Amino acid sequence: MHFSIEKAKNAQLKLAGRVIKENEIKGFKYIVGLDVAYSNSKGVGVAVIMDRDNNVIDVGIKILDVKVPYIPGLLAFREFPCMYGALKNVKKNFDIILVNGQGLAHPRRFGIACHIGVLSNKPTIGVARRKLYGQEVKADENLYQIIDGGEVIGAVLKIDTFKIYISIGHMISLRESIIIVKEFMKGHSLPEPIYNAHVIATEKAKNIKHNFKLQQTHSYLI
DNA sequence: GCGACAG
DNA sequence: ATCTTGTCGC
């Protein structure tokens, strides 16, 4: 069975109607960041739960074979299983999800942050380092709106020498999303929960590669 | 045909 | 995302 681009796009169009764009959050204590790294065909999904004092509370990991290629606009079909699996592997509770990728700022208004949000039924924010879709219009000093067809689908924050793209994933407003992302920017190009997930995922993927090389080196003994 | 194109 | 050498700056 092979991946169908048309079916994937239709699924996004159908699910996009389920995204809630208003705040369904009245304060929070814990937030979880999601990211995926790769070791050849192995995807390493990591979820890092943090509190508001920059402490790591819990970590969840999910390693799976990834067959779906990266296709702009269809990233979720490649990374969702690892991300969602990692999220299911955390033991502690969390109130908000930060996803490394776009949310509403997507050609069908359903980026990976919306996939995660709708299927988790939790307030979710999409955070990316690069733009996927839409026009950047200056709204203020260091703040841009991402617009498509007269609709604001996201925001861009200029910080030091880089930018970060923020958009609604689910059950939270764009305004609140920006405030929360800002709170967790601690000197890295991504908010701390995602940054930590990225570091752990990359390290784990690197270990898998290393172990594979060791196995190759000693395979003559078998 | 050309440019854009999350991770 | 991953691969990968040298180079710039604190």
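Lettering of chains follows the sequences in order, A, B, ..., and the numbering in each one begins at 1. All values derive from a computational prediction rather than experimental measurement.
- Residues A:R109 and A:Y133 are in side-chain contact: their nearest non-hydrogen atoms beyond the backbone lie under 4.5 Å apart.
- Using a 4.0 Å heavy-atom cutoff across all strands shown, A:Y70 reaches at least one base atom of the nucleic acid.
- Counting heavy atoms from C-beta on, the side chains of A:F110 and A:L13 never come closer than 4.5 Å.
- Looking at A:H106, its side chain does come within 3.5 Å of a backbone N or O of A:R108 through a donor-acceptor pair.
- A:E203 places its CD atom 17 Å from the C1' atom of C:dT2, with the value rounded to the nearest Å.
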Inset, instruction - Would you give a per-nucleotide map of nucleotides 5-10 of chain C, 5' to 3', where B means the base has a protein non-hydrogen atom under 4.0 Å away, S means only the sugar-phosphate does, and - means neither? - result: ------
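- Note on A:A37: only backbone sugar-phosphate atoms sit closer than 4.0 angstrom, heavy atoms only; bases stay farther off.
- Remark: side-chain polar atoms of A:R18 are not paired, donor with acceptor, to backbone N or O of A:L119 under 3.5 angstrom.
- A:H115 comes within 4.0 angstrom of no nucleic acid atom, judged by non-hydrogen atoms across all strands.
- At least one side-chain heavy atom of A:V44 sits less than 4.5 Å from a side-chain heavy atom of A:I61.
- At the heavy-atom level, A:L74 lies under 4.0 Å from base atoms of the strands shown.
- Although no hydrogens or angles enter the test, the distance criterion places no donor-acceptor pair under 3.5 Å between the side chain of A:S39 and the main chain of A:K42.
- Note that the first and last nucleotides of DNA chain B, 5' to 3', having any atom under 4.0 angstrom from a heavy atom of chain A are B:dC5 to B:dG7.
- When rounded to the nearest whole Å, the span between CD1 of A:I208 and C1' of C:dA1 equals 14 Å.
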Inset, instruction - Take A:E141 and A:K158 through the test side chain to side chain contact (heavy atoms under 4.5 Å, CB included) and record every step on the way to the result. - result: CA-CA 8 Å; A:E141 188 73 10; A:K158 271 194 166 181; over 6 Å; no
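- A cation-pi arrangement is present between A:K122 and A:F94, with the terminal nitrogen or guanidinium carbon under 6.0 Å from the aromatic centre and inside a 45° cone about the axis.
- Heavy atoms of A:N40 sit nowhere under 4.0 angstrom from any nucleic acid atom.
- Note on A:K209: a side-chain N or O is less than 4.0 Å away from OP1 or OP2 of C:dC3.
- At a threshold of 4.0 angstrom between heavy atoms, the contacts of A:I112 include nucleobase atoms, whether or not backbone atoms are also involved.
- Between A:C82 and A:V36, the closest heavy-atom pair is CB-CG2, 4.0 Å.
- Among the protein residues, A:G73 comes within range of the nucleic acid bases, having at least one heavy atom under 4.0 Å from a base atom.
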